[in-house]
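Data first, discussion second: the structure below is written as structure tokens.
Numbered from 1 within each chain, the chains take letters A, B, ... in sequence-line order. All values below were derived from every heavy atom in this structure, side-chain atoms included, with hydrogens, water molecules and symmetry-related copies excluded. Here the structure is a predicted model, which means the values were calculated and not measured.
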Amino acid sequence: MTAKIETPDLMVYAMAAEIENFNTVLHGVSSPLPVLAMSVARKTHAPDMVYISGAEGVDPELDRIYPSSFDARLNRNAVAYFGLHEAFDLAQRGELDVMFLGAAQVDRRGNTNLSVIGDIDRPKVQLPGGAASAFLMPITPKVVIWVTRHTNRVFVEEVDFVTGQGYDHRLEAYQKNEIVIVSNLGVMNFKNPDRVMQIQYYHPGHSVDEIKEKTGFDILVAPDAAETPAPGQEVIQLINQIDPDGVRSSEFR
Amino acid sequence: MTAKIETPDLMVYAMAAEIENFNTVLHGVSSPLPVLAMSVARKTHAPDMVYISGAEGVDPELDRIYPSSFDARLNRNAVAYFGLHEAFDLAQRGELDVMFLGAAQVDRRGNTNLSVIGDIDRPKVQLPGGAASAFLMPITPKVVIWVTRHTNRVFVEEVDFVTGQGYDHRLEAYQKNEIVIVSNLGVMNFKNPDRVMQIQYYHPGHSVDEIKEKTGFDILVAPDAAETPAPGQEVIQLINQIDPDGVRSSEFR
Amino acid sequence: MKKVLTGLQEAAGFVDDGALITFGGATFQRAPMEFVRELVRQGKKELNLIDREPAMDFDLLIGAGCVAKVRAGMLAFEVFGMAPNFRKKSEKGEIITKEGACQPIIAGFRAAAMGLPSIPIKGMLGSDLLTISEVVGSQKEVKDPFTGETMIAVRAIEPDVAIIHAQKADEYGNVRIEGPLYEDVIKAKAAKKVVVTVEELISNSEIRKMPEATTIPHFIVDAVVETPKGAYPCSCFNYYDADYDHIKEYLRAAAKDQFDEYLDQYVYMGMGRRVST
Amino acid sequence: MKKVLTGLQEAAGFVDDGALITFGGATFQRAPMEFVRELVRQGKKELNLIDREPAMDFDLLIGAGCVAKVRAGMLAFEVFGMAPNFRKKSEKGEIITKEGACQPIIAGFRAAAMGLPSIPIKGMLGSDLLTISEVVGSQKEVKDPFTGETMIAVRAIEPDVAIIHAQKADEYGNVRIEGPLYEDVIKAKAAKKVVVTVEELISNSEIRKMPEATTIPHFIVDAVVETPKGAYPCSCFNYYDADYDHIKEYLRAAAKDQFDEYLDQYVYMGMGRRVST
């Protein structure tokens, strides 16, 4: 019997699993889950990953997180500073392996919307903006989208506005790039010939059926769909240690 | 009666006179005369000029020069470093006012050659290369070319190879930019409607006739041509102080 | 070198109504908040704001009615959520906010800093943001002249004024930014005028002891203003951390429709609201 | 982080015959001379050298018969005059040296560093150097897509290897260049492989005390070699000045047709000339 694992911790662990050792990984603004995922990956299976902070520190000895993902304290004992324009150059050179991005809407082809609900000329809801999405989604080998509210208003047939490009909005050259979606219910990807969204993992306590029900389109199920691997106690301890104030829960309120 | 003033000192003083106060000025490689001219200008009539060293120091407290114009000791007590690519950006923004450039050949329209004597595919004489000439000559408001050997093999009707662009090789937009030539015999410019070389000053001990004779084309004479103003003792002292080893004479040997 | 030390009121005079301006820092780090408050006090109008990832600096100006147009990659309050005034005024159609992606903004600054009318970038293809930018005229699909690759040309962004809060400067404008630089050096080079507010004035001889620490040289700086706590409630690395409690107070005030009270208390500071004429 | 500390011989193995390579520093400042000597000792052939303003580093390789092609803005020995081997071999047609202007080289490195196939620059129009470059395919006259302005597109320059001599690094490749940087950081980002020779190895904990002093981060560095006096007879700021007397000795040897003796004495150091097979 295991204790119930909190959703943010499950998501962090699932996001960390997307990082391979020696990967170069960047996080952006407003990104407590990505920061924790990068920290967990580095302390577990990816000790040699290159960690580029949105706060500009390279491989910092991060000891805790703050409400801002650009807080300069995140750079503690970094080996160097590396500006966002330099990280973007790296992406243009094809040397940024993984990026974490948010989304207010995602659709079945992996398009994301962070710009506006309704019409761009007369927004019903003004969203914060896509930050690096439009730039990085087509050119980064792996983009991990995290979504903390898996509902059929977020997972929609077609986004109101294409901020970040899914598979139907990409050049052929970038069709191979990988999009992975980590939500509060499971992990979705596009590893099928048609490049449409499929359920790869469902989090403990959730199910394929629940995800289907809370998705606003006909989502596929991967042949090898399974329960999301849960983090061990040492990982949960690590997360708690880095985020004693529970900043990671802020997106779930 | 005044003591004879050495040619390098006369040239330094004439070159310094081309700098106005508040000008932003850059020197390049192998440039003892420009370094001295910039130092003299700053200590005399242009105290607020922006001095950008080829060695990257901004407004250094230069105390002496060395055989290399990139010697890091030239940056003594600089207020900042400013790389050549940054200085080139400045030039592209139109904010670099004056640049000093060398030449192995100059022609009547102000074209310079630092690339090759003879044919580029089979050089009779391989020259060192034009450095920043081709880039800066058309876009810099004032380019000062210094030539230490005024002969009709250097001042030619037409250069063998256009490294730096004279008035006939420029866009109309850049016809207004100023080229000034300071040689060991005098100071030449192109301030006439046809933009061809004319004698503005002849150095003390030299004459319009001598310059004409040693120029390989029919050089004009400015209506107000006059003897080059000679530096006072304090300027000569300053030059000697900064260049005690006579590095400035090296190009005259 | 020319002395450029001046007062905050005078420095704010560099910003005309309708000006295109950008700020140093990012979200809650090293934003020039005291300068922003001075813009509000001076009742600036119709400002055109541009930045990669601003936060309270932009939202405060929007809330105070100083802004006509915003272009930002993302404008939000990090984990605290939406930028309240930005959201409200945008949804009411009181400000224009169509464009927004980080790289085209950064690249636009870089093009201006390099003295180029535009530079190419990758990415963007397929995003509706590109479509909008093509209509607006800030981005354009092009072919690389050598490889034929599809690239996005990004038009140079040359702000009328860039305002940067830094840790240190001398009275000539030799500036030391400590810690993360964001695009501040690029913005300073890109802008027509540069105002730098600093925690601390230091002497020119101090500057000369460590030229490698100078991040912006004097000749691209038009004004230096000694402004201790000038980024508050945002952070200033090596001086103070962000005051997240104050930021939450700002958000509470905006949520409760008490933003005017916030302005009175923290911007006008009891000096009475200036009536703009 | 991965340890990349290695020996000079192993690091020179990154350079294949025929490779396009560039060096850090400029003229007599911080050129990676010991690495250059190792290239000579290993009998490298047909190298393709590119740099803005090199000097003895290029000339030594040319004189030792390692070079097929040179592209440089200027290649000379400052006030000491021409680069003797460069001049001789170029006039004999033994090396190719047609192109050469600083800005297109710097901009080409910058384009590669930015991951772009090309970037535009100004200037160049009317120079015969542009004509040659258009034939060679490294530059091209273009119109800016927004303003219609005539610009010169410069093709990215991505060296196979950039070799930089720096003051300090740790064993992971976090590099500190002190004083003038030249285009070294840009070159490191532009190149496929980066070798850094250093005066002094320092610990990673030392690096972490001053992240702002790290000019090249570890993840773009492929090899670090501890090489005290590695720039000699060029200077290494904060460590030693250029030995101008030695440079004059080099020139005298070249002038007197005693360049082989110079190589024996200062490159092979009595170890006997390696017969390249």
Side-chain angles (χ1 to χ4, degrees), chain A residues 28-32 53-57 66-73 75 81 83-85 88 91-92 111 113-116 118 120-140 159 161-166 168-171 174 247-248 250-251 253, chain C residues 25-30 52-53 55 72-83 86-91 93 97-98 100-104 106-107 109-110 121-132 150 152 179-183 185-186 234-238 241-242 244 247-248:
Chain A
V29 72
S30 197
S31 296
S53 169
E56 304 198 356
Y66 302 90
S68 163
S69 306
F70 290 168
D71 196 303
R73 287 172 284 183
N75 298 327
Y81 287 108
L84 190 67
H85 66 282
F88 282 0
Q92 291 187 155
N111 297 293
N113 177 11
L114 268 168
S115 299
V116 69
I120 185 76
D121 290 319
R122 196 68 199 178
K124 207 171 90 188
V125 181
Q126 175 66 52
L127 297 171
S133 304
F135 170 60
L136 288 178
M137 278 190 65
I139 66 171
T140 310
V159 292
F161 185 95
V162 177
T163 307
Q165 308 86 323
D168 54 338
H169 279 84
R170 292 174 172 211
L171 287 182
Y174 298 116
V247 173
R248 64 191 180 284
S250 55
E251 281 190 271
R253 278 173 210 134
Chain C
T27 67
F28 301 130
Q29 324 307 327
R30 223 165 29 65
R52 180 241 298 181
E53 283 165 324
M74 179 178 272
L75 171 42
F77 273 50
E78 297 250 14
V79 297
F80 305 123
M82 302 288 294
F86 166 66
R87 179 172 175 178
K88 198 185 303 172
K89 299 233 176 181
S90 181
E91 290 173 7
T97 61
K98 290 190 204 179
C102 292
Q103 170 69 324
I106 294 176
F109 286 140
R110 286 174 101 175
I121 61 169
K122 293 186 177 172
M124 300 308 297
L125 280 166
S127 172
D128 287 343
L129 288 169
L130 175 60
T131 313
I132 289 173
T150 300
I152 307 302
L181 296 174
Y182 311 108
E183 293 79 56
V185 178
I186 297 168
C234 298
S235 77
C236 188
F237 181 66
N238 279 345
D241 297 320
Y244 295 117
I247 292 164
K248 283 189 265 186

Which portion of [X] sits near chain C, non-hydrogen atoms under 4.5 angstrom:
X: A:Q126; result: both
X: A:P138; result: side chain
X: A:S68; result: both
X: A:F70; result: both

Of C:F237, C:Y182, C:F28, C:F77, the largest count of non-hydrogen pairs under 4.5 angstrom with chain A goes to C:Y182

Top contributor to chain A contacts, counting heavy-atom pairs under 4.5 Å, from C:G100, C:G126, C:A76
C:G126

Distance in Å, A:L127 CG paired with C:M82 CE, rounded so as to fall on 0.5 Å steps
5.5 Å

The reported gap from OG1 in A:T163 to CE in C:M74 (rounded to nearest 0.5 angstrom) is 9.0 Å

Which atoms of [X] are under 4.5 Å from chain A, going by heavy atoms: the side chain, the backbone, both sets, or neither?
X: C:I186; result: side chain
X: C:R30; result: neither
X: C:Q29; result: side chain
X: C:I132; result: side chain
X: C:S90; result: both
X: C:M124; result: both
X: C:A72; result: neither
X: C:F80; result: side chain
X: C:A83; result: neither
X: C:E183; result: side chain
X: C:Y244; result: side chain

So which heavy atom on [X] is nearest to which on [Y], and how close?
X: A:A134; Y: C:L129; value: CB-CD1, 4.1 Å
X: A:R122; Y: C:E91; value: NH2-O, 4.1 Å
X: C:P180; Y: A:A55; value: CG-O, 3.4 Å
X: C:E53; Y: A:A131; value: OE2-CB, 3.3 Å

At a heavy-atom distance under 4.5 Å, which candidate from [options] has the highest pair count against chain C?
options: A:S250, A:S53, A:S31, A:P67; result: A:P67
options: A:V125, A:N113, A:N111, A:L136; result: A:V125
options: A:H85, A:E251, A:H169, A:R170; result: A:H85
options: A:I139, A:L114, A:V247, A:D71; result: A:D71

Quick check: do A:F88 and C:C102 have side-chain heavy atoms less than 4.5 Å from each other?
yes

Determine whether A:I120 and C:D128 satisfy the following criterion, side chain to side chain contact (heavy atoms under 4.5 Å, CB included), listing intermediate values before the conclusion.
CA-CA 10 Å; A:I120 185 76; C:D128 287 343; over 6 Å; no

Output all residues satisfying side chain to side chain contact (heavy atoms under 4.5 Å, CB included) with C:T150, sequence neighbours left out; order by chain, then residue number.
C:L125, C:E141, C:K143

Contacts of C:D241 that satisfy side chain to side chain contact (heavy atoms under 4.5 Å, CB included) - sequence neighbours left out:
A:R73

I'd like to know whether NZ of C:K98 has more than 12 heavy-atom contacts from other residues, nucleotides or ligands below 6.0 angstrom.
no

Has the side chain of A:Q92 got a donor or acceptor atom that lies under 3.5 Å from a matching backbone atom of C:I121?
no

